[in-house]
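Read the structure below first, then the notes.
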Amino acid sequence: MAEEIDIRLVYSWDEEEIVALYRAGGWRKEEYRTEDLRHLMRGSYVFAVAAENKTGRAVGMGRVISDGVSDGYIQDLVVLPEFRKSGVGAQIVAALINRCLQVGITWIALIAEPGTERFYLPLGFHPMEGYVPLLLRGEP
């Protein structure tokens with residue numbers, strides 16, 4: 001199935017297809033504005049879409065947040081359920097990593113959801129011993 005997919009690095013994509021991917025990841029809140037996705041895509045250092053060759057439909061996505069000089073953070077990696085476990089996610093991650101490495105960004109990290117470590121470990125990611133991810137809640 002992965003051979004039927006093309007990974008495209010883009011600045012824009014059909015917003016409804018991106019909304020469907022965010023919903024598939026369980027991250028879409030109804031109060032989010034669809035038009036804000038344009039800014040999210042353009043504001044990402046790299047935005048990758050896995051598109052089905054036959055239809056052109058987005059079946060997966062991921063992005064990197066970076067200043068383009070030092071660190072890169074992979075975020076929002078999701079593949080539609082019917083395309084999972086087919087290598088599509090790994091293709092997206094590889095494209096994101098390759099783009100970062102092309103410009104000299106070698107410190108690349110992500111925060112994985114619990115239970116997804118088995119996916120990321122073979123791709124070269126490892127737990128960051130001694131570090132704890134933190135999230136701001138409320139105003140400081």
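In what follows, residues are counted from 1 in the order of the sequence shown.
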Is there side-chain contact between I105 and Y45, with heavy atoms separated by less than 4.5 Å? yes
When hydrophobic residues are tied together by side-chain contacts of less than 4.5 Å, even through go-betweens, does V103 share a cluster with Y73? no
Correct closest heavy-atom pair for I111 and P133 would be CD1-CB, 3.7 Å
Would you say R63's side chain and V46's backbone share a donor-acceptor pair under 3.5 angstrom? no
Within a strict 4.5 Å, meaning less than it, do heavy atoms of the I7 and V49 side chains meet? no
Enter the distance from Y22:OH to L37:CG here, rounded to the nearest 0.5 Å. 6.5 Å
Enter the distance from E16:CD to T34:OG1 here, rounded to the nearest 0.5 Å. 5.0 Å
Is there a side-chain contact between L77 and F119, using heavy atoms and a 4.5 Å cut-off? yes
Please walk me through it: do I5 and V59 pass side-chain contact (heavy atoms from CB on, under 4.5 Å)? CA-CA 8 Å; I5 302 298; V59 300; 3.7 Å; yes
Applying the 4.5 Å side-chain criterion to the ILVMFWY set and letting contacts propagate, would V88 and L121 be lumped into a single cluster? no
For A48 and L96, the nearest pair of non-hydrogen atoms, with its separation, is CB-CD2, 3.7 Å
Report yes if some heavy atom in the side chain of L40 is under 4.5 Å from a heavy atom in the side chain of F47; otherwise report no. yes
For a side-chain hydrogen bond (donor to acceptor under 3.5 Å, both in side chains) check, start with the C-alpha distance between E113 and T116, then their side-chain angles and the critical distance, and finish with the verdict. CA-CA 6 Å; E113 290 186 11; T116 61; over 6 Å; no
For the atom pair CD (Q102) and CD1 (I97), what is the distance rounded to the nearest 0.5 Å? 12.0 Å
Please find the pair of heavy atoms, one from L80 and one from A24, that lie closest to each other, and give the distance. CD2-CB, 3.9 Å
With side-chain contact (heavy atoms from CB on, under 4.5 Å) as the criterion, how do R8 and W13 come out once you've worked through the C-alpha distance, each side chain's angles and the decisive distance to 0.1 Å? CA-CA 10 Å; R8 302 177 190 171; W13 197 267; 3.4 Å; yes
Would you check if V64 and I108 make a side-chain contact, meaning some heavy-atom pair closer than 4.5 Å? no
Between the side chain of E17 and the main-chain N/O of A58, is any donor-acceptor distance below 3.5 Å? yes
Under 3.5 Å: donor-acceptor pair, side chain of N98, backbone of L101: no
Just how far is it from atom CE of M61 to atom CE of M41, taken to the nearest 0.5 Å? 9.0 Å
Closest non-hydrogen atom pair between I92 and G60, with its separation: CD1-C, 3.7 Å
For the atom pair CD (E52) and CZ (F83), what is the distance rounded to the nearest 0.5 Å? 4.0 Å
Would F125 and Y131 show up in the same hydrophobic cluster when neighbours are defined by side-chain heavy atoms closer than 4.5 Å? no
For the hydrophobic clusters of this structure (ILVMFWY residues joined by side-chain heavy atoms under 4.5 Å, transitively), does one cluster hold both V78 and L123? yes
Any side-chain to backbone donor/acceptor pair from Q91 onto G89? Under 3.5 Å, distance only. no
When you measure from the side chain of S66 to the backbone of D71, do you find a donor-acceptor pair of N or O atoms at a distance under 3.5 Å? yes
Could you tell me whether R38 and D36 have a side-chain N and a carboxylate O separated by less than 4.0 Å? no
Distance in Å, I65 CD1 paired with L110 CG, rounded so as to fall on 0.5 Å steps: 11.5 Å
